[in-house]
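Here is the structure we will look at, set down as structure tokens.
In what follows, every heavy atom counts, from backbone to side chain, and hydrogens, waters and symmetry copies are set aside.
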Amino acid sequence: MNIIQKQTGAAGFSKPTTALLLLSLSVVFGIIIASKGFIVALLLISIPFVLILINAIFKSPKLAIYLVVGIGFFAIGLSRYVSGPPYGMSIDGILVLSYIALFFKDFYKRVDWSLASSDVTKMALLWYGYSLFQLVNPEAQSKVAWFYAMRGVSLYMLLMIPLVLMLMRDHKDLNKFLYLWGILSLLGTFKGFMQVTFGPDHWEQAWLDGGGNITHILFGKLRVFSFYSDAGQFGAAQGHAGVMGIIVYLSS
């Protein structure tokens with residue numbers, strides 16, 4: 001029995017079989033990376049981490065809320081450095097995955113959807129209905145444009161509000177969210193400070209040269225955008241975080 005255990009790996013395969021399997025996977029991945037490029041290499045490397053992340057969300061659907069907040073901060077900025085992957089669509093995937101995880105987590109008992117019933121949820125549903133109605137707007141120019149705009153304007157709000165009401169039921173959850181928001185906002189401040197002090201980095205300069213300078217270089221001066229989509233979003237987010245920080249400080 002001990003001899004068999006020594007000769008088998010963690011998954012029950014013999015050591016030669018495991019080595020051959022790893023070697024075969026390495027060769028296959030190498031061929032794919034050589035033919036498809038760096039982006040595919042990153043996607044392949046990320047597969048184990050994605051699986052771990054999915055498992056974590058199924059264990060704790062609440063994690064999806066924090067992930068969406070973090071991705072919302074970095075998605076646009078990251079696209080300036082590594083273009084190609086649909087970072088924005090990852091928010092859709094995580095939100096849908098969180099509902100699936102919520103269903104299976106309570107598979108043997110009824111999910112208490114009554115926790116999500118509130119006036120805020122009804123208002124979000126009404127607003128999403130209005131967004132859907134824009135599909136038949138005679139002035140609409142593109143359904144594709146509608147799809148991408150609708151997600152950030154109404155869909156995410158509709159999906160997030162019930163999740164928050166159902167999963168974040170404790171003051172500790174609120175404190176964690178505020179800490180996360182504060183830390184990410186401070187990182188945005190620090191990145192903006194670096195742009196003012198040292199100027200845009202190579203990738204940010206490429207974005208400016210590609211058309212961003214039309215709106216972000218005015219009278220020879222840079223409108224700081226940090227890792228946000230644009231300077232307007234950066235300013236609004238910093239102002240929002242600042243006001244919220246003052247409220248939290250005064251109420252503590």
Does atom OH of Y81 have more than 12 heavy-atom neighbours, drawn from other residues, nucleotides or ligands, at distances under 6.0 Å?
-> yes
Contacts of F58 meeting ring pair (Phe, Tyr, Trp, His ring centres under 6.0 Å) (sequence neighbours excluded), chain-then-number -> none
Common cluster, M123/V153, ILVMFWY with side-chain heavy-atom separation under 4.5 Å = no
Work out which heavy atom in L158 is nearest to a heavy atom in A124; give both atom names and the distance.
-> CD1-C, 4.0 Å
Are the side chains of D173 and I65 in touch, meaning some heavy atoms are under 4.5 Å apart?
-> no
Is a side-chain donor or acceptor of S251 paired with a backbone partner of V248 at a separation under 3.5 angstrom?
-> yes
Decide side-chain hydrogen bond (donor to acceptor under 3.5 Å, both in side chains) for S117 and S114; before the verdict, give the C-alpha distance in whole Å, the side-chain angles of both, and the deciding distance to 0.1 Å.
-> CA-CA 5 Å; S117 178; S114 64; over 6 Å; no
Report yes if some heavy atom in the side chain of F227 is under 4.5 Å from a heavy atom in the side chain of L184; otherwise report no.
-> no
Answer whether the closest heavy-atom distance between the side chains of L53 and L67 falls below 4.5 Å.
-> yes
N137 atom CG: more than 12 heavy-atom contacts under 6.0 Å | yes
Look at the side chain of Q195 and the backbone N and O of S226, then say whether any donor-acceptor pair between them is shorter than 3.5 Å.
-> yes
One should read off an interatomic distance between I94 CD1 and L159 CG, to the nearest 0.5 angstrom, of 12.5 Å
S229 backbone acceptor or donor facing R80 side chain under 3.5 Å | yes
Are V69 and L187 connected in the hydrophobic side-chain network, where two residues link if heavy atoms are under 4.5 Å apart?
-> yes
Looking only at heavy atoms, which two atoms of S98 and L163 are closest? And how far apart?
-> OG-CD1, 3.1 Å
Gap separating the NZ atom of K62 from the CG atom of L102, nearest 0.5 angstrom = 11.5 Å
Is it possible for you to say whether F177 and I91 belong to one hydrophobic cluster, with membership spreading through side-chain heavy-atom contacts below 4.5 Å?
-> yes
So, for S185 and Y228, which heavy atoms are closest and what is the spacing to 0.1 Å?
-> CA-OH, 4.3 Å
Between M160 and V68, the two heavy atoms sitting closest are SD-CG1, 4.2 Å
Parallel, tilted or perpendicular: rings of F225 and H216 (30°, 60°) = perpendicular
Looking only at heavy atoms, which two atoms of W146 and S131 are closest? And how far apart?
-> NE1-O, 2.8 Å
Salt bridge (Lys or Arg N to Asp or Glu O under 4.0 Å) involving K191 - partner list, sequence neighbours excluded | D201, E204
Separation between CD1 of I246 and CG of L250, rounded to the nearest 0.5 Å | 7.0 Å
Determine, using the 4.5 Å side-chain heavy-atom cutoff (strictly less than), whether Y156 and Y130 are members of one ILVMFWY cluster.
-> no
Quick one: does NZ or CZ of R151 land under 6.0 Å from the six-membered ring centre of F147, within 45 degrees of the ring axis?
-> yes
Y66 reachable from I100 in the ILVMFWY side-chain graph, under 4.5 Å edges | yes
Give, for atom CG of L186 and atom CZ of F193, the distance between the pair rounded to the nearest 0.5 Å.
-> 13.5 Å
Shortest non-hydrogen pair, L218 vs R223, comes out as CD1-CD, 3.4 Å
Any side-chain heavy atom of Y99 sitting closer than 4.5 Å to one from M166?
-> no
Start with the C-alpha distance between T189 and Q238, add both sets of side-chain angles, then the distance that settles side-chain hydrogen bond (donor to acceptor under 3.5 Å, both in side chains), and finish with yes or no.
-> CA-CA 8 Å; T189 305; Q238 290 286 285; 2.4 Å; yes
Do M89 and D92 have side-chain heavy atoms sitting under 4.5 Å apart?
-> yes
Is any side-chain heavy atom of L178 closer than 4.5 Å to a side-chain heavy atom of M244?
-> yes
Going through the distances and angles, do T215 and D230 end up as a side chain to side chain contact (heavy atoms under 4.5 Å, CB included)?
-> CA-CA 9 Å; T215 54; D230 54 73; over 6 Å; no
